[in-house]
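First comes the structure, then the notes that go with it.
Below, chains carry the letters A, B, ... as their sequence lines are ordered, and counting in each starts from 1. No experiment lies behind these values; they were computed from the predicted model shown.
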There are 2 protein chains.
Amino acid sequence: MNLETAALILSKIGNPTRLRIVRLLVRAGDQGLPVGAIQKKLKIPGSTLTHHITHLKNAQVIRQERQQATLVCKMEYGQLAKLVEYLTEECCADEVGSENRG
Amino acid sequence: MNLETAALILSKIGNPTRLRIVRLLVRAGDQGLPVGAIQKKLKIPGSTLTHHITHLKNAQVIRQERQQATLVCKMEYGQLAKLVEYLTEECCADEVGSENRG
DNA sequence: ACTATATTACTAGAATTATCGAATTAAATA
DNA sequence: TATTTAATTCGATAATTCTAGTAATATAGT
């Protein structure tokens with residue numbers, strides 16, 4: 001994980017609609033959630049939803065698995081973990097002032 | 001902290017230039033860093049830097065304090081802490097699947 | 001094959017964001 | 001007051017992003 005990738009992921013989840021999608025998927029857990037189910041919850045046009053899903057997929061924040069007719073969206077927890085690790089190591093702690101913050 | 005605010009902050013730090021600024025400021029610690037010092041490190045025009053600083057200020061990710069002739073930028077750690085708290089409580093854990101994630 | 005459901009692709013206008021030069025404001029100092 | 005240093009505002013342009021309608025594609029059941 002480098003700075004550019006971290007910024008990319010942050011910018012992708014830094015959109016209200018996409019953050020809602022992420023929240024739904026995290027809460028759905030390992031079984032994921034079909035696109036149609038997300039659409040019903042968010043009440044937005046399919047084309048708009050696909051646009052956002054494409055963003056999240058491209059940044060590898062989520063992935064999709066086909067189950068018969070429906071495509072199930074799932075979180076890419078590994079990518080999120082790497083992001084948190086990067087932010088923790090690169091942008092936080094281990095430098096001047098980090099002890100006197102609390 | 002609500003979803004919209006969280007998304008706003010994420011989008012602001014989800015820009016490579018602004019993430020660099022944040023990284024510099026976190027590493028600078030409580031003493032912060034003058035705008036001019038940031039400019040020297042990032043090597044970008046002042047107007048561009050101000051543009052990004054304005055974004056970070058508006059989202060309360062950083063604040064500025066005047067010290068004589070120079071304006072010192074400092075992290076707003078509180079805001080970051082609230083963001084992490086929101087993400088942890090709203091978007092992670094405490095739901096199906098969070099235990100089996102390894 | 002036909003139909004319904006699920007999802008993506010194409011397309012375009014609106015809105016937002018990024019960049020940076022030039023002019024401007026603010027503070028310190030001669 | 002004039003000058004220098006520090007930083008912002010203004011204004012223009014380019015690039016990206018958001019939204020959503022319409023058309024197309026894929027899958028499952030009849």
**Request:** Answer yes if V72(A) and L42(A) sit in the same cluster of Ile, Leu, Val, Met, Phe, Trp and Tyr residues linked by side chain heavy atoms under 4.5 Å apart, and no otherwise.
**Result:** no
**Request:** Round to the nearest Å and state the distance from I53(A) atom CD1 to dA6(C) atom C1'.
**Result:** 11 Å
**Request:** Using atom CD1 of I38(A) as one end and atom C1' of dT5(C) as the other, report the distance to the nearest whole Å.
**Result:** 17 Å
**Request:** Quick one: do R66(B) and Q64(B) satisfy side-chain contact (heavy atoms from CB on, under 4.5 Å)? Show the steps, please.
**Result:** CA-CA 7 Å; R66(B) 186 169 281 283; Q64(B) 284 182 309; over 6 Å; no
**Asked** With a 4.0 Å cut-off on heavy atoms, is G46(B) in touch with a base, just the backbone sugar-phosphate, or nothing at all?
**Response** base
**Prompt:** Would you find a donor on one side and an acceptor on the other, under 3.5 Å apart, between the side chain of Q39(B) and the backbone of I44(B)?
**Reply:** yes
**Fill in**
In whole angstroms, the gap separating C1' of dT8(C) from CD of Q39(A) amounts to 12 Å
**Item:** Length of the line joining R66(B):CZ and dT25(C):P, which is rounded to integer Å
**Value:** 15 Å
**Fill in**
From NZ of K40(B) across to P of dA6(D) the rounded distance in Å is 6 Å
**Request:** Taking all heavy atoms of G14(B) and all of S11(A), pick out the closest pair and write down the distance.
**Result:** O-CB, 3.1 Å
**Message:** Measure CG/L56(A) against C1'/dT7(C) and give the value in whole Å, please.
**Reply:** 16 Å
**Message:** Less than 4.0 angstrom between a side-chain N/O of Q64(A) and OP1 or OP2 of dT8(C), yes or no?
**Reply:** yes
**Prompt:** Quick one: Q67(A) CD to dT5(C) C1', roughly how many Å, whole number?
**Reply:** 16 Å
**Request:** Check every strand shown and say whether T50(B) touches a base, only sugar-phosphate, or nothing at a heavy-atom separation below 4.0 Å.
**Result:** base
**Request:** Could you state the atom-to-atom distance from CD1 of I62(A) to C1' of dT8(C) in whole Å?
**Result:** 14 Å
**Item:** Minimum heavy-atom distance E76(A)-Q60(A), with the two atoms named
**Value:** CB-O, 3.2 Å
**Prompt:** Short question: side chain of T54(B), backbone of T50(B) - any donor-acceptor pair under 3.5 Å?
**Reply:** yes
Can you check nucleotides 13-21 of chain C for protein contacts, nitrogen or oxygen pairs under 3.5 Å, and list what you find?
{"residue": "dA18(C)", "atom": "OP1", "partner": "N15(B)", "partner atom": "ND2", "Å": "2.8"}
{"residue": "dA18(C)", "atom": "OP1", "partner": "R18(B)", "partner atom": "NH2", "Å": "3.2"}
{"residue": "dA18(C)", "atom": "OP2", "partner": "R18(B)", "partner atom": "NH1", "Å": "3.0"}
{"residue": "dA18(C)", "atom": "OP2", "partner": "H51(B)", "partner atom": "NE2", "Å": "3.4"}
{"residue": "dT19(C)", "atom": "OP2", "partner": "H52(B)", "partner atom": "NE2", "Å": "2.6"}
{"residue": "dG21(C)", "atom": "N7", "partner": "S47(B)", "partner atom": "OG", "Å": "3.2"}
{"residue": "dG21(C)", "atom": "O6", "partner": "S47(B)", "partner atom": "OG", "Å": "3.1"}

**Request:** Hey, can you tell me if H52(A) and H55(A) have their rings parallel, tilted or perpendicular (30° and 60° cut-offs)?
**Result:** tilted
